[in-house]
2 protein chains.
Amino acid sequence: MATIRDVAREAGVSIATVSRVYNQTSLVSEPTVLHVRAVAARMDYWPNGAARSLITNRTNALGVLLPDLYGEFFSEVIRGIDLAARREKYQVLVSSSHSDTEALVAAVRSMRGRIDGLVAMAPDAHSAAAIRGFTRNFPVVLLEPGLEVGECGAISLDNYSGALEMGRHLLGLGHRGIATIRGPLGNVDAEERLRGFLAAFEEAEVPFNESLVIQGDFTESSGFLCAELLLKHRPRPTAVFAANDCMAIGLISALRDAGLRVPQDLAVTGFDDIAIAHYMSPPLTTVRVDAYELGDRAVRQLVPLARGTKGAQCTHEIVPTSLVVRASCGSNQVRSAEAARRRPGGRVMGGEASADIPDAGPREMPS
Amino acid sequence: MATIRDVAREAGVSIATVSRVYNQTSLVSEPTVLHVRAVAARMDYWPNGAARSLITNRTNALGVLLPDLYGEFFSEVIRGIDLAARREKYQVLVSSSHSDTEALVAAVRSMRGRIDGLVAMAPDAHSAAAIRGFTRNFPVVLLEPGLEVGECGAISLDNYSGALEMGRHLLGLGHRGIATIRGPLGNVDAEERLRGFLAAFEEAEVPFNESLVIQGDFTESSGFLCAELLLKHRPRPTAVFAANDCMAIGLISALRDAGLRVPQDLAVTGFDDIAIAHYMSPPLTTVRVDAYELGDRAVRQLVPLARGTKGAQCTHEIVPTSLVVRASCGSNQVRSAEAARRRPGGRVMGGEASADIPDAGPREMPS
DNA sequence: TTGTAAGCGTTATCAG
DNA sequence: CTGATAACGCTTACAA
């Protein structure tokens with residue numbers, strides 16, 4: 001592999017000149033630039049990134065730490081990160097699925113000297129604390145952090161408002177016997193969604209029966225299992241808000257097995273707006289969460305910090321969520337929010353390439 | 001940020017000793033190791049990756065180039081890559097969504113000196129050729145390459161066999177009026193799927209009416225539009241094989257609008273086995289494609305090449321595909337292939353985290 | 001077992 | 001405008 005020295009020798013100039021051709025071109029005479037460029041191209045030369053970052057102390061790369069890469073959510077987060085990073089001329093070093101805090105710390109540590117900043121989503125509070133510790137090494141932006149953020153930037157989803165809207169919507173439809181399946185204890189999303197949902201009742205001065213908060217764990221099967229508890233409750237609730245779509249899907253499945261109709265016998269709603277939500281029968285009323293935006297904003301906030309742009313500040317941004325009313329809640333409201341569902345920049349390419357089923361508009365899934 | 005020199009000074013040893021603690025620990029006396037480790041930990045020192053790779057000429061990182069990151073397919077590919085890379089102690093530098101060959105080349109070029117090898121999936125033939133050119137810089141493994149592979153390693157999906165099996169299955173069910181919606185011209189997957197499908201007819205010595213090859217483009221809407229052509233064909237076909245699930249979904253949607261029943265009036269099958277395929281009503285008969293495996297194998301093949309392990313060879317591996325029989329083809333066959341659907345290592349975590357709906361077993365999607 | 005010193009490929013500084 | 005040369009933080013002969 002040709003080095004700067006080879007090119008300099010071959011072109012009959014000093015290495016400093018070759019370097020300048022790639023960095024401060026204006027300081028080199030036009031003919032020299034052209035000549036060096038030509039020689040470099042012929043020798044297939046390109047500056048070595050590692051050497052470059054050693055002296056400049058900048059890598060032009062961002063680290064990305066996610067609990068997982070699989071699935072609609074993370075896949076979108078990382079796409080948002082990737083696109084924003086490219087726009088800003090940054091490379092992306094990813095790492096995911098760390099079994100424990102130790103593994104996670106090791107991963108970040110090994111990124112040292114290779115990244116100018118870090119976007120991280122912690123799988124738990126312990127890991128979050130560890131990640132915060134890296135602020136001394138490079139700027140950090142946390143995705144969906146717990147409460148206290150400290151020296152880091154942070155982007156979180158407006159789980160609270162989304163759930164609040166959902167509560168208002170169900171109350172607005174006249175429901176009073178309303179249950180909710182909450183997510184796991186200690187999970188930030190789960191707590192906020194519950195808090196927002198209950199706030200709607202407070203706001204409307206409608207009492208909420210606490211025995212109608214059922215514990216779920218965000219899996220489809222937990223939603224399935226909740227059906228039994230729900231159905232034996234007296235008086236039987238008329239609506240259920242599941243804290244995510246998976247649980248709503250499990251619940252609906254169980255209700256159907258029990259011979260109940262959704263939404264006529266029981267209205268069901270979810271949270272996340274995963275792809276299937278739109279294609280189910282009945283289509284699921286839920287809250288749309290914009291994962292792409294989460295990644296995009298994180299990079300937007302991180303880059304100035306990474307560049308050391310003066311005046312760059314850590315802030316805590318909130319990504320809005322929005323109610324998507326479909327049929328499963330029994331509302332006959334116009335589905336205006338649907339338009340927003342089209343993925344920004346979603347591409348369809350070869351074969352199994354994309355799971356992005358274009359919004360079918362008024363058509364529904366065959367049933 | 002503490003450097004090796006700071007640690008050496010603080011610990012009262014030479015920098016060589018500190019270095020050895022991190023590389024050839026065995027050459028350093030136990031007490032010295034402990035002492036240096038302690039000082040390093042206190043000073044929050046960790047070797048700088050860039051400096052390290054400059055001298056060793058190895059980066060312990062792999063580059064990953066994909067057309068996109070979004071969607072079930074790519075998301076799984078990258079997960080396979082990520083997990084395999086971590087297992088082999090490699091970091092992953094990703095880059096995706098390049099608008100043209102130029103952008104793609106620039107992306108790879110900028111990885112020079114930062115990676116020991118490259119896993120790439122080219123969006124088109126032109127880009128594929130460009131990527132092949134990088135073989136001179138580092139080992140390359142191509143995903144889903146075109147025909148000639150040259151100096152690169154390659155992993156491709158067995159589109160041919162999957163489609164062949166599908167053809168056999170439909171013929172075995174007694175269908176004779178069979179149509180197929182093919183994917184875009186020039187797309188490797190599309191061509192292979194068509195070729196495999198037609199091979200089944202040749203094998204069974206059943207003539208295939210070429211007017212029943214309908215041109216699609218892998219999008220749901222193209223499947224939707226094909227319905228009209230299909231329905232006005234005389235005699236009307238009794239089965240349709242769409243070259244991917246998206247088109248099959250669009251088609252089924254259109255058929256339902258036209259008042260036709262699937263599979264009674266027209267059997268429909270797809271390819272890819274995207275998540276929705278299993279939850280649709282009727283569940284879609286399709287061909288399972290293992291994207292995770294694609295990524296996993298690519299890294300497995302690349303790592304020895306990147307390490308310069310002697311005897312390491314470039315090969316062209318084929319990832320098998322498998323027929324998944326569900327209801328949309330009108331078969332009443334046992335759904336044994338279903339068991340394989342569970343995602344390897346699929347995790348469900350917080351909130352909108354995962355779109356991985358656990359296989360509901362015998363339960364179906366509510367309808 | 002430890003230290004000294006050369007050098008990885010680049011950019012920055014300072015002369016010319 | 002161009003060239004010599006000293007860093008950058010580290011690994012690795014070679015010497016002690």
Side-chain angles (χ1 to χ4, degrees), chain A residues 1-37 39-40 43-61 91 109-116 137-138 307-308, chain B residues 1-37 39-40 43-61 109-116 137-138 308:
Chain A
M1 191 92 97
T3 75
I4 197 171
R5 239 180 295 272
D6 302 325
V7 175
R9 190 177 343 100
E10 190 77 8
V13 298
S14 72
I15 59 169
T17 299
V18 177
S19 175
R20 280 191 276 256
V21 167
Y22 287 88
N23 298 290
Q24 328 173 49
T25 316
S26 58
L27 296 184
V28 185
S29 76
E30 175 108 16
T32 312
V33 171
L34 261 41
H35 179 223
V36 170
R37 280 249 151 86
V39 171
M43 301 180 76
D44 192 29
Y45 167 78
W46 194 259
N48 179 304
R52 210 171 201 169
S53 62
L54 188 55
I55 181 83
T56 58
N57 207 26
R58 350 188 62 273
T59 62
N60 290 305
Q91 296 187 323
R109 208 179 253 155
S110 73
M111 287 181 171
R112 218 184 270 193
R114 303 197 122 101
I115 60 172
D116 296 334
N137 300 302
F138 32 64
R307 290 219 172 93
Chain B
M1 192 92 96
T3 76
I4 197 172
R5 240 181 293 272
D6 301 326
V7 176
R9 190 179 341 101
E10 190 77 8
V13 298
S14 72
I15 60 169
T17 298
V18 176
S19 174
R20 281 192 275 257
V21 167
Y22 286 89
N23 298 291
Q24 327 173 49
T25 318
S26 59
L27 296 184
V28 186
S29 76
E30 176 106 16
T32 313
V33 172
L34 261 40
H35 179 223
V36 170
R37 281 249 152 83
V39 172
M43 300 180 78
D44 191 29
Y45 168 79
W46 194 259
N48 179 305
R52 210 170 201 173
S53 62
L54 190 55
I55 180 89
T56 58
N57 207 27
R58 347 189 66 273
T59 61
N60 290 305
R109 208 178 253 152
S110 73
M111 287 181 171
R112 220 184 270 194
R114 301 199 123 100
I115 60 173
D116 296 334
N137 300 302
F138 33 66

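What you see below is based on every heavy atom in this structure, not just the backbone, and it leaves out hydrogens, waters and symmetry mates. Naming: A, B, ... by sequence-line order, numbering from 1 per chain. Nothing here was measured: the structure is a model prediction, and the numbers come from that model.
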Query - Side-chain donor/acceptor contact of B:Arg112 with base of C:dG9 under 3.5 Å - result: no

Report summary line: In the 5' to 3' direction, the nucleotides of DNA chain D bounding the stretch that comes under 4.0 Å of a heavy atom in chain A are D:dC1 to D:dG9

Between [N] ([atom2]) and [X] ([atom1]): distance, integer Å:
| X | N | atom1 | atom2 | value |
| --- | --- | --- | --- | --- |
| A:Asn23 | C:dG9 | CG | P | 17 Å |
| B:His35 | C:dT1 | NE2 | C1' | 16 Å |
| A:Arg52 | C:dT11 | CZ | C1' | 9 Å |
| B:Asn48 | C:dT10 | CG | C1' | 14 Å |
| A:Arg5 | C:dC8 | CZ | P | 6 Å |
| A:Arg20 | C:dT11 | CZ | P | 11 Å |

Query raised in the report: Looking across every strand, which nucleic acid part, if any, lies under 4.0 Å from A:Thr56 by heavy atom: base, sugar-phosphate, or nothing?
Result: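 The residue A:Thr56 makes sugar-phosphate contact but no base contact.
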
Query raised in the report: With a non-hydrogen cut-off below 4.0 angstrom, is A:Tyr22 in contact with a base, only sugar-phosphate, or nothing?
Result: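 Here A:Tyr22 touches no strand at all.
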
Report task. Please say whether more than 12 non-hydrogen atoms of neighbouring residues, nucleotides or ligands are located less than 6.0 Å from CG in B:Asn57. Result ->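 Atom CG in B:Asn57 is not crowded, with 12 or fewer foreign heavy atoms closer than 6.0 Å.
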
Query raised in the report: Do B:His35 and B:Thr32 come close enough that some side-chain heavy atom pair is under 4.5 Å?
Result: no

Query raised in the report: Can a side chain N or O of B:Asn57 be found less than 4.0 Å away from OP1 or OP2 on C:dC8?
Result: no

Query raised in the report: Looking at residues 8-18 of chain B, who's got a heavy atom less than 4.0 Å off DNA chain C?
Result: B:Val13, B:Ser14, B:Ala16, B:Thr17

Report task. Please work out which residues in residues 24-34 of chain A have a non-hydrogen atom less than 4.0 Å from an atom of DNA chain C and list them by number. Result -> none

Requested in this report: Would you confirm whether B:Ser19, through its side chain, and B:Ile15, through its main-chain N or O, come within 3.5 Å as a donor-acceptor pair?
Outcome: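 Such a contact is absent between B:Ser19 side chain and B:Ile15 backbone.
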
Separation between [atom1] of [X] and [atom2] of [Y], rounded to the nearest 0.5 Å:
| X | Y | atom1 | atom2 | result |
| --- | --- | --- | --- | --- |
| A:Trp46 | B:Arg112 | CH2 | CZ | 8.5 Å |
| B:Arg52 | B:Ile4 | CZ | CD1 | 9.0 Å |
| A:Met1 | A:Asn48 | CE | CG | 7.5 Å |
| B:Tyr22 | B:Arg37 | OH | CZ | 6.5 Å |

Shortest non-hydrogen contact from [X] to [Y]?
| X | Y | value |
| --- | --- | --- |
| B:Ala61 | B:Arg114 | CB-O, 3.3 Å |
| A:Ala50 | B:Gly113 | CB-O, 3.6 Å |
| B:Thr3 | B:Tyr45 | C-CE1, 3.5 Å |
| B:Gly308 | B:Arg58 | N-NH2, 4.4 Å |
| B:Ala8 | B:Ser14 | CB-C, 3.7 Å |

Query - Any residue meeting side chain to side chain contact (heavy atoms under 4.5 Å, CB included) with A:Met43, in chain and number order, not counting sequence neighbours - result: A:Ala2, A:Asp6, A:Val7, A:Glu10, A:Val39

Requested in this report: Taking side chain to side chain donor-acceptor pair (under 3.5 Å) as the test, write out the residues that go with B:Asp116, two or more places apart.
Outcome: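 Partners of B:Asp116 under the side chain to side chain donor-acceptor pair (under 3.5 Å) test: B:Thr59.
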
Query raised in the report: Roughly how bent is the helix from C:dT1-D:dA16 to C:dG16-D:dC1 end to end, in steps of 10 degrees, with each end axis from five pairs?
Result: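 Axis angle across the helix from C:dT1-D:dA16 to C:dG16-D:dC1, nearest 10°: 40°.
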
